[in-house]
Amino acid sequence: MARSLSTAILPRVPNTEDDLNTDLRVRFAPSPTGSLHVGGARTALFNWLAARHAGGKFILRLEDTDRERSTPESEAEILRVMQWLGLDWDEGPFRQSERDDIYRDAIDRLKDAGAVYAAWESAEELDAMRAEARANKQAPVVRGRRDWSDDEIAAMKAEGRTPVWRFAVPLPGETVIEDMIRGTVTFDHAQIEDFVVARSDGTPTYNLAAAVDDLEMGINRVIRGEDHISNTPKQMLVMRALGGTPPQYAHVPLILGTDKKRLSKRHGAASVEELEADGFLPQPVRNALVLLGWSYDDKTTTFTMDELIEKFDVRRVSKSPAVFDMKKLEVMSGRYLRALDPDQFADELVQYLDATGYLADRGPDAADIARRSAPLVQRKMSRLTEYDRLAGWLYRPLEFEDEAWEFLANDIKHAIQAIGGGLGRLEVLDDFSMEPIKEALSDQLHVQGLSAREFLEPQRIAITGQSISTGIYESLEMLGKDAAVARYRQTLAKLAEGWTGGDA
Ligand code: GLU
C-alpha cells in the first residue's frame with residue numbers, strides 16, 4: 001500500500017538550539033521585478049523552514065523601491081508561487097514603497113548622528129576619483145569631499161546640483177560577520193566605499209532600506225544569497241549607526257547548472273513558474289530546492305514537509321556552490337508520484353489537467369476519463385506534462401500517429417495476423433478485466449510463436465494509435481469490450497485497404 005508522503009507525522013526530536021526558539025524572526029525580501037527564480041525560492045524555503053522549525057515568525061517584505069522595474073504582476077506572481085510551494089507568511093507582505101516616511105526618518109537620524117554626509121560630486125568627478133585610485137593600485141572606492149566651503153556649496157546649488165547622502169565609513173576599521181554558514185568573514189573598511197544611503201531626491205537606497213527594515217521589523221536572522229555578502233557590512237554599519245544590533249547572518253551558496261555555470265534559462269527552467277508549467281508538483285520541487293546546499297545526511301534525498309521542518313538546520317548548509325539538476329528533479333518527481341496514494345494521485349492529476357485547461361478542451365466526460373485513467377499512468381510518469389503522450393488517445397476516436405502506423409504498415413501481413421489473433425481471443429472473453437485479458441493475449445502470443453514486442457506492439461497500436469501509451473492490458477480493460485473490439489476492427493479494416501496480396 002502506497003504511503004501518503006504528506007501525512008507522515010514524525011515524533012519531534014529536538015536537534016538544534018533553534019528548537020522552540022520562538023523569538024526567531026526571519027524574512028524573505030524579494031524584489032518584484034520578475035518571476036520567482038529557483039534561487040529566490042530556495043531562499044524563501046530556507047527562511048520558512050528556519051521559522052517553522054523554531055516556532056518563530058516568517059515575514060514577507062517586497063523590496064519594490066526600484067519603481068521602474070517593480071510591477072504589480074510580478075508581486076502577484078511571487079505571492080502565488082509562494083502559496084503554491086506552501087510557504088505561508090506570518091507578517092506582511094510589507095512593501096518598501098509604502099514605508100518612505102520610515103526611511104526618511106532614519107536618514108534624518110543618521111544626519112543628526114553625523115554618520116552620513118552630503119556628497120556633491122558629479123558622475124564625472126566620481127569616475128575620475130575611481131580611475132585615480134585604480135592608477136595608484138588602490139581599491140576604487142569613493143570617499144566624497146567633506147570640506148566644501150559655504151561659497152562652493154552656494155555655487156553648486158545655483159548650478160542646480162543636489163547632493164546625495166553617503167555613509168561615512170569609519171576609518172581605519174573593520175566589520176566582522178560571524179556567518180552561520182561561512183564562519184568569520186572580515187571586511188576591511190578601506191575596501192568599503194562611502195556608500196550612498198539617500199539619493200539626491202531623498203529616496204533611500206537598497207542598503208539603507210534593507211537595514212532599516214531588518215531593524216524595524218525585529219529580524220534577528222537573515223538568510224539570503226551569497227551574492228549579497230558585500231552588502232552585509234554596509235547594512236551592519238547603518239544598523240549600528242542607528243543604535244541597533246545587526247541580526248545573525250547566513251549566506252547561502254550560489255546555484256549553478258550542471259555545467260557549473262550560474263543557473264539560467266539555458267539550463268531549462270530557471271523559475272518556479274516554469275517548473276510548475278513543466279508538470280512538477282510542489283512537493284518534489286520543494287525537495288529539490290532544499291537540497292540546493294542543504295543536506296541532512298549523505299543518503300536521504302526525499303523528505304516530506306514535516307520531515308524538513310523537523311530536520312532543517314541552516315548551519316548544515318554547505319559553503320560550496322549548489323548544482324541544480326533537472327534530471328534529479330525528474331527522478332524525485334517520478335518517485336513522488338509513484339509513492340502517492342492512488343486516490344491522492346488521481347486528485348492531483350485531475351486538478352492539474354483541469355488547471356491547465358486540458359479537460360475543458362476534451363468534452364463533458366473528460367474529468368471522468370482522467371480519473372479512471374489515473375491508475376494507468378501513475379507508475380509511468382515523472383511529470384504531469386507526460387500525461388497526454390501516454391493517455392491522450394483515451395479522449396479521441398482512433399487515429400494513428402505516423403510512427404505507429406508505419407510500424408504496422410511495414411509488415412501488413414504480420415500486423416493483420418497479430419491483431420486478428422488478438423481480436424479472436426478478446427471477442428470471446430466474458431470477463432473483460434485485466435487478468436483474463438492478460439491471460440488470453442499471453443496465450444495467443446505463444447500460439448503464434450511471436451515475441452512480446454512482435455505480438456503486443458500491434459495490439460497497443462490497434463487500440464491507441466500510439467507507439468507509446470498506457471499499458472495494453474489496463475487500456476483494454478478501461479476501454480471495455482465493445483469499444484476495444486470496435487477499435488480492433490477499425491484497425492484491421494484500415495490495414496486491409498493497404499493489403500495487396502497473399503493470405504493474411
Ligand atoms: N531584494 C533583494 C533581492 O531580491 C533581497 C535582499 C535581502 O535579502 O536582503 O535580491
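In each ligand, atom 1 is the first atom listed, and ligand 1 is the first ligand listed.
In this model, a donor atom of one side chain and an acceptor atom of the other lie less than 3.5 Å apart for D388 and Y358. For the residue pair Y103 and D213, a side-chain donor N or O sits within less than 3.5 Å of a side-chain acceptor on the partner. A donor-acceptor pair shorter than 3.5 Å cannot be found between the side chains of R69 and S74.
Between R145 and the options E121, E125, E152, a salt bridge (Lys or Arg N to Asp or Glu O under 4.0 Å) holds for only E152.
The side-chain tip of R389 does not point at the ring of Y387 from less than 6.0 angstrom away and within 45° of straight on. No cation-pi contact links R61 to F94, judged by a cut-off of 6.0 Å to the six-membered ring centre and 45° from its axis.
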Inventory of protein N or O atoms under 3.5 Å from ligand 1 N or O:
residue	atom	partner	partner atom	Å
ligand 1	1 (N)	A29	O	2.8
ligand 1	1 (N)	S31	OG	2.9
ligand 1	1 (N)	E63	OE1	2.6
ligand 1	4 (O)	S31	N	3.4
ligand 1	4 (O)	S31	OG	3.3
ligand 1	8 (O)	R27	NH1	2.8
ligand 1	9 (O)	R27	NH1	3.4
ligand 1	9 (O)	R27	NH2	2.7
ligand 1	9 (O)	Y206	OH	3.1
ligand 1	9 (O)	R224	NH1	2.7
ligand 1	10 (O)	H228	NE2	2.8

